[in-house]
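Structure first, then comments.
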Amino acid sequence: MERVYNFSAGPSMLPLPVLEKAQKELVSLGSTGMSVMEMSHRSGVYQNIVTEAETLLRELMNIPENYKVLFLQGGASLQFSMIPLNLFRNKKADYVNTGSWSKKAASEAKKYGEARVVASSEQDRFTTIPELHRSMFDPEADYVHITTNNTIEGTCYAEIPDTGHVPLVADMSSNILSEVYDVSKFGLIYAGAQKNIGPAGVTVVIIREDLIGHAPAFCPTMLDYKIHADNESMYNTPPTFAIYMAKLVFEWLKDLGGIPAMEKINREKAKLLYDFLDESEMFQSPVAPKYRSLMNIPFTSPSAELDKKFVQEAKAAGLETLKGHRSVGGMRASIYNAMPVEGVQKLVAFMKEFERNNR
Ligand SMILES: *Cc1c(COP(=O)(O)O)cnc(C)c1O
């Protein structure tokens, strides 16, 4: 079976060289005679894998010394709870509402204290990102929460807001490693792995050290950042295979030239699709140009019937998972790091032909 171009929003494509390397090492990793999945997480071989994964991520994202890198479980969704649990001291935080995921993050935080929505793009049906100014944030807030890339709505911050001394917390699940970010502007960055890092099962948390160690006494041990930081993500059995795969993805990204090189390719891919959407008479992007995501590109045709036909015929042409999210409708092409330029070129060529045939 030939591989397809998979535009899934997550879990999503992994780089083929990574899958092939994992396949080669699956039954016996190096000279160990066992699979990485069968190995003790306390073994020297496995310890090296975790250390290497962290070192590579630090290098790729240029993570400063005073930040910890944690490999956790529970997805980005568990971070919606862990963040207020660990960071609340004044028991209030400011949330920016830019889509379904930020909404979920805010409503979870409300269980622990005050989660104030300081700005929202809901009135624009989430096709924009609100303009933010430092004066909008409560200086007493424990943190400000943003979602850098809105996976479902296809929007992305054009610039990172200035929150003054209030730590900025970012859900980067769908655009971590896709463009250069200055980690020092954030107090905490988190991301579920299954979009740009590796398979589902591991969640990366990058946290400034001064934000660790303030969890209340009732905080479950497994939800306390300090426990995971003190034990180097090895308090209990970590998701060993997922971390190993993440390490292979980090190596692949480093060989490609790191995040600056990746960002250049991502901009090229997104431009191909947006340029076509802007000239097409059939397909349209609902998102304001300034806030268009490089990773998730929703688009619409004039009717639900055409949408359906498009998704079916695209699948037959080897272009899969293009159906839009149920809350937005239409189509969505997720073009994460692992999607090659050729995949987007094929998609645009297919869209042009579809438009000609269905005028
Ligand atoms: C996918 C996604 C989530 C949810 O991630 P899980 O790992 O499934 O919990 C949260 N936030 C954003 C921005 C996402 O794209």
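No hydrogens, no waters, no symmetry mates; every other heavy atom, side chains included, goes into these values. If you read the sequence from its start, that first residue is 1, and numbering goes on from there. Start at 1 and go down the list; that is how both ligands and their atoms are numbered.
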Check ligand 1 against [X] and write out every atom of the ligand that is under 4.0 Å from a heavy-atom position of the residue.
| X | value |
| --- | --- |
| T147 | 13 (C) |
| S174 | 15 (O) |
| G75 | 7 (O), 9 (O) |
| T151 | 12 (C), 13 (C), 14 (C), 15 (O) |

*What class does the angle between the rings of Y143 and Y95 fall in, given that below 30° is parallel, 30 to 60° is tilted and above 60° is perpendicular?*
perpendicular

*asked:* I'd like to know if E108 pairs up with K103 as an ion pair, taking the criterion as any Lys NZ or Arg NE/NH1/NH2 lying under 4.0 Å from an Asp or Glu carboxylate oxygen.
replied: no

*Tell me yes or no: between the side chains of Y336 and N266, is some donor less than 3.5 Å from an acceptor?*
no

*Just let me know how T203 lines up against ligand 1, side chain, backbone, both or neither, with a heavy-atom cut-off below 4.0 Å.*
neither

*Select one of side chain, backbone, both or neither to describe which atoms of K195 lie under 4.0 Å from any atom of ligand 1, heavy atoms only.*
side chain

*Nearest protein heavy atom with distance in Å, relative to atom 5 (O) of ligand 1*: A76 CB, 3.5 Å

*asked:* Considering non-hydrogen atoms of the protein only, which is the closest contact for atom 8 (O) of ligand 1, and what is the distance?
replied: Q194 NE2, 3.3 Å

*Would you check, one step at a time, whether the test side-chain hydrogen bond (donor to acceptor under 3.5 Å, both in side chains) holds for E25 with Y244?*
CA-CA 11 Å; E25 296 182 336; Y244 157 81; 2.6 Å; yes

*asked:* If you take the nearest heavy atom of each of N175, I152, D171, T98, which one is closest to atom 13 (C) of ligand 1?
replied: D171

